[in-house]
Number of protein chains: 2
Amino acid sequence: MKPITQNIQDYLKEIYTLTDGGEAASTTALAARLGIAPASVTGMVQKLAGGTHPLVNYRKHQGVTLTPEGKRAALEVIRHHRLLETYLVTMLGYSWDNVHEEACRLEHFISEEFESRIAVALGNPIRDPHGELIPTPELEMPSDESLALSALRPPQKAVIVRVRADDSALLRHLESLGLVPGAKIQAVEYSLFDHNLRIQVDEKLPIVVGSAISDKIFVVCNPL
Amino acid sequence: MKPITQNIQDYLKEIYTLTDGGEAASTTALAARLGIAPASVTGMVQKLAGGTHPLVNYRKHQGVTLTPEGKRAALEVIRHHRLLETYLVTMLGYSWDNVHEEACRLEHFISEEFESRIAVALGNPIRDPHGELIPTPELEMPSDESLALSALRPPQKAVIVRVRADDSALLRHLESLGLVPGAKIQAVEYSLFDHNLRIQVDEKLPIVVGSAISDKIFVVCNPL
DNA sequence: AATAAAAATTAGGTGTGACTAAATTATAGT
DNA sequence: ACTATAATTTAGTCACACCTAATTTTTATT
């Protein structure tokens with residue numbers, strides 16, 4: 001039939017995240033994420049949209065979305081990735097800023113048995129070390145009620161549930177500020193002009209974060 | 001430079017095991033092990049023997065051996081493979097007949113950090129679940145004093161240290177006979193004609209094994 | 001509505017690593 | 001030493017997934 005190669009998995013994973021907001025993914029955006037030329041994406045996407053069970057929907061100049069099959073395949077890889085990150089941190093002592101690369105490589109090659117065994121060893125976790133939701137074994141993505149920290153306004157309180165970042169340096173920076181899942185936040189001051197937000201993290205001295213940071217941190221306001 | 005791809009690693013690994021006995025590896029033998037056509041091997045081997053830092057020594061019709069660089073690369077992969085097998089069995093509950101495939105895939109993709117972390121978690125083991133020696137972190141292969149069970153003669157006693165097999169069905173069979181590393185063996189009877197060996201395993205009722213089995217089991221006669 | 005700029009696609013080309021078929025070289029038997 | 005057979009290599013092809021350059025389509029501006 002049609003083997004889903006490592007490459008194709010990477011395409012599907014990126015298409016998944018790009019189309020998460022509801023919009024179709026443009027070839028250019030995909031190319032940028034994958035670090036390849038737009039023309040190469042066009043070719044690949046045409047291939048993925050062909051055959052009897054296409055993995056993506058594609059019409060010229062209209063962007064790409066996942067078919068149900070493609071979505072399944074994407075969620076499978078994402079589940080692998082997030083379980084791996086969780087395992088590396090929890091069981092092998094990796095730091096949270098260091099797991100992305102390793103998980104990105106291994107996610108394509110672990111078997112279903114490996115997936116299931118590490119999931120069990122971890123107690124079937126729902127979130128990875130960054131708070132990202134882990135798709136269920138049935139490949140359904142749990143719903144996420146969180147909102148961006150950048151939307152928080154004084155004097156709202158919230159708890160960090162998720163940090164959307166792969167970049168090592170950024171993650172280390174966030175950790176040094178205490179901006180990790182579980183941290184309690186109170187918005188202290190908001191500047192309309194530069195979108196800076198002054199927040200208090202876990203009762204410590206307030207800090208100021210710009211939107212480059214606050215856009216990547218997600219919180220819930222009324223945690224149980 | 002010259003990236004050592006997954007493919008090349010597989011070549012080097014097979015060349016390592018084929019040249020273990022001292023002989024150069026023939027292209028045909030390599031092709032059989034790798035499951036590809038002999039002609040393909042010739043092409044690949046010519047490439048590997050070229051460049052400034054060749055990974056193999058090769059002369060037409062003379063077979064292939066590893067250069068020091070090639071040997072290092074092979075031992076790196078073999079270390080990955082055997083550490084992975086050990087980790088899968090010890091930490092994730094895999095059965096010994098089921099680890100080969102998984103390790104064969106992952107061995108190419110784990111980082112040095114991963115290698116080192118699982119080695120530490122396992123207490124820097126010297127042998128994998130089949131008793132195969134694990135190259136050291138400095139990529140030296142420990143020496144192995146064992147001899148084939150097929151060379152044992154009544155009334156010699158020995159202990160199994162190593163089982164040279166990847167095949168799942170064979171491994172399950174051996175396990176059911178108690179022929180696993182650590183088992184105590186006494187040779188009871190040897191048939192010169194069919195090379196069958198009757199042995200007693202761990203004080204149980206004697207069993208008869210043919211050379212297809214006894215050639216793959218390695219023992220030491222005078223364990224400390 | 002015309003046109004400039006941006007986005008996307010087509011066309012043509014590359015390297016990798018496999019393949020088959022044909023030719024060559026080595027080995028073994030008489 | 002000769003010849004049949006086996007092993008190996010050469011030659012030529014293919015699919016994959018990328019590339020660059022050129023073209024076409026879309027979009028945004030005036």
Side-chain angles (χ1 to χ4, degrees), chain A residues 1-15 18-19 21 23-65 70 73-74 77 104-105 107-109, chain B residues 1-15 18-19 21 23-65 70 73-74 77 104-105 107-109:
Chain A
M1 280 288 185
K2 225 187 335 184
I4 297 183
T5 66
Q6 177 192 356
N7 262 309
I8 294 176
Q9 289 180 344
D10 284 331
Y11 274 88
L12 297 177
K13 201 170 54 148
E14 292 302 344
I15 296 169
L18 284 172
T19 56
E23 302 276 290
S26 73
T27 46
T28 313
L30 251 180
R33 291 306 219 76
L34 293 167
I36 61 180
S40 308
V41 173
T42 302
M44 187 60 169
V45 154
Q46 286 171 340
K47 211 187 67 173
L48 295 181
T52 42
H53 294 293
L55 294 166
V56 305
N57 305 118
Y58 167 68
R59 287 207 337 273
K60 277 189 192 182
H61 301 98
Q62 306 286 124
V64 193
T65 56
V77 184
C104 257
R105 260 178 292 113
E107 66 189 8
H108 306 294
F109 305 103
Chain B
M1 284 285 186
K2 225 186 337 184
I4 298 183
T5 66
Q6 177 192 355
N7 261 308
I8 294 177
Q9 289 180 344
D10 284 332
Y11 273 89
L12 297 176
K13 201 171 52 149
E14 291 302 345
I15 294 169
L18 284 172
T19 57
E23 302 275 291
S26 72
T27 46
T28 314
L30 251 179
R33 291 304 219 77
L34 293 166
I36 62 180
S40 309
V41 172
T42 301
M44 187 60 170
V45 154
Q46 287 172 339
K47 211 187 68 174
L48 294 181
T52 44
H53 294 294
L55 294 166
V56 305
N57 305 118
Y58 167 68
R59 289 210 331 276
K60 276 189 191 180
H61 301 97
Q62 306 286 124
V64 194
T65 56
V77 184
C104 256
R105 261 179 290 113
E107 65 188 9
H108 307 294
F109 305 104

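Here the structure is a predicted model, which is why all the values come from computation and not from measurement. Basis for what follows: all heavy atoms, side chains included, without hydrogens, waters or symmetry-related copies. Sequence lines set the chain letters: A, B, ... in the order given, protein chains first and strands last, and positions in each chain run from 1.
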Exceeds 12 heavy-atom contacts within 6.0 angstrom, atom CD of B:Q6:
yes
Phosphate-side-chain proximity, [X] and [N], N/O vs OP1/OP2 below 4.0 Å:
{"X": "B:Q62", "N": "C:dT25", "result": "no"}
{"X": "B:K60", "N": "C:dT24", "result": "no"}
{"X": "B:T5", "N": "C:dG17", "result": "yes"}
{"X": "A:K47", "N": "D:dA17", "result": "yes"}
{"X": "B:Y11", "N": "C:dT16", "result": "no"}
{"X": "A:S40", "N": "D:dC19", "result": "yes"}
{"X": "A:N7", "N": "D:dC18", "result": "yes"}

Select from B:A39 and A:H61 the residue whose nearest nucleotide in DNA chain D is closer to the 5' end of that strand.
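Counting from the 5' end, the first nearest nucleotide belongs to B:A39.
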Starting from the 5' end of DNA chain D, give me the residue, A:I36 or B:A29, whose nearest nucleotide shows up first.
B:A29
Closest to the side chain of A:Y58, out of C:dT9, D:dC19, C:dA18, is C:dT9
Starting the side chain at C-beta, find the nucleotide from C:dT9, D:dT9, D:dT20 nearest to A:T42.
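So the nucleotide nearest the side chain must be C:dT9.
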Take the protein atom [atom1] of [X] and the nucleotide atom [atom2] of [N], then report the distance between them rounded to whole Å.
{"X": "B:Q6", "N": "C:dA18", "atom1": "CD", "atom2": "C1'", "result": "14 Å"}
{"X": "A:L30", "N": "D:dA17", "atom1": "CG", "atom2": "C1'", "result": "15 Å"}
{"X": "A:Q46", "N": "D:dA15", "atom1": "CD", "atom2": "C1'", "result": "17 Å"}
{"X": "B:R59", "N": "C:dA26", "atom1": "CZ", "atom2": "P", "result": "11 Å"}
{"X": "B:D10", "N": "C:dA18", "atom1": "CG", "atom2": "C1'", "result": "14 Å"}
{"X": "B:I8", "N": "C:dG17", "atom1": "CD1", "atom2": "P", "result": "5 Å"}
{"X": "B:H108", "N": "C:dG17", "atom1": "NE2", "atom2": "P", "result": "13 Å"}

Mind checking B:T27 for me? I need base, sugar-phosphate or nothing, with any heavy atom below 4.0 Å counting as a touch.
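Sugar-phosphate, no base atom in range.
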Determine the sole option in A:L55, A:L30, A:T65 for which the side-chain contact (heavy atoms from CB on, under 4.5 Å) test with A:I15 is passed.
A:L30
Quickly, which of A:I36, A:V77, A:L34, A:T5 forms a side-chain contact (heavy atoms from CB on, under 4.5 Å) with A:D10? Name it, please.
A:L34
What's the shortest heavy-atom distance between A:I8 and A:P3, and which atoms?
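Smallest interatomic distance, heavy atoms only, reads CD1-O, 3.9 Å.
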Minimum heavy-atom distance between B:A73 and B:I4, given as atom pair plus value
CB-CD1, 3.9 Å
